[in-house]
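All remarks here apply to the structure that follows.
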Amino acid sequence: MANSPWQKRIRRAEHLAAQHPFAAEILGFYIQVARFQQTLYQRIDRTATKKSPVSLSDLAESPELLISFPAFLSVVEEKAPARFAQVVHALRNLPSDSWSDLLNRSWSETDNPPDAPEEFLAFAFLQPYAEFVRSGAPLQLNGYTHPLCPFCNRKPSIAVLRPQGDGARRNLVCGFCLCEWEFRRLVCAGCGLEDQAKLPVYTADQFPHMRVECCDACHTYIKAVDLTKNGLADPLVDDLASVPLDLWAQEHGYAKLHPNLLGF
Ligand SMILES: [Zn+2]
Ligand SMILES: [Zn+2]
């Protein structure tokens, strides 16, 4: 698995942590989470049957997930920023019934993005499983024009500009199942607004390949990773490393369309 998606993200996170000391703590935590996620994905891949199509209700049929949750809590407890560590302590003292309630809720609550720290933990824990189930589902992305994830119905966490011809096309990425689908460039993914004058894009010298795409109608924003400017960037990891852009956007009254894995 030397070149698995997780290995690539971990290497990118190590690189960015060295470059941006302010993001070193969050990226260090991400690296631990990503290592755990990779192991969990491999375990699921070995034990779960890839039914076709795999349904979204399979969570209850995957006892190996629940078995792995305490190990995840240990990883988090060891490395997490304070606000997560306290929650882990409380979670550990709950019966495993409460864990499965939390996980099932996180799995099926597609309308409401995670908000409380324990919901982010559940989101991060379930992410590899969502990716696994999505990879076995027959998705028809041709002609799909909606702003919600075509697999799990969540709002996108990040956008990515990929080279196409002389320009770039914009894709949206689901932070949960990591589905990526094309979406028109000059349309707000939050409310569908097409009025360019109300869709300002901000950039900062510190992150030349990152854009903050805002909407002055619904007051949301999504960050976009411009791969035409930096082909080494990774949507998930570069989003985490550019926290100052989130702080800037939020100070200016914009709410993120969907928070990332670690709650930013
Ligand atoms: Zn999704
Ligand atoms: Zn909007």
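Ligands are counted one by one from 1 in listed order, and the atoms in each one are counted from 1 as well. Counting from 1, the numbers follow the sequence of the chain as shown.
Around the Zn ion (ligand 1), the angle linking Cys149 (SG) with Cys174 (SG) is 110°, rounded to 10 degrees.
The aromatic rings of His146 and Tyr144 sit perpendicular, their planes meeting at an angle over 60°, well past the 30° parallel limit. Note: Phe207 and Phe22 have perpendicular aromatic rings, judged against thresholds of 30 and 60 degrees for the angle between ring planes. The aromatic rings of Phe120 and Phe84 sit perpendicular to each other, their planes meeting at more than 60°, with 30° as the lower class boundary.
Gln32 and Glu78 share no side-chain donor-acceptor pair at under 3.5 Å.
Between the Zn ion (ligand 1) and Cys152 there is an N/O/S contact shorter than 2.8 Å.
A distance of 6.0 Å or more separates the ring centres of His252 and Tyr221.
Around the Zn ion (ligand 2), the protein atoms of type N, O or S that sit closer than 2.8 Å are Cys188 SG, Cys191 SG, Cys215 SG, Cys218 SG.
With Phe176 as the aromatic partner, Arg154 meets the cation-pi criteria of under 6.0 angstrom to the ring centre and within 45 degrees of the ring axis.
Residue-environment remark: NZ (Lys256) exceeds the threshold of 12 foreign heavy atoms within 6.0 Å.
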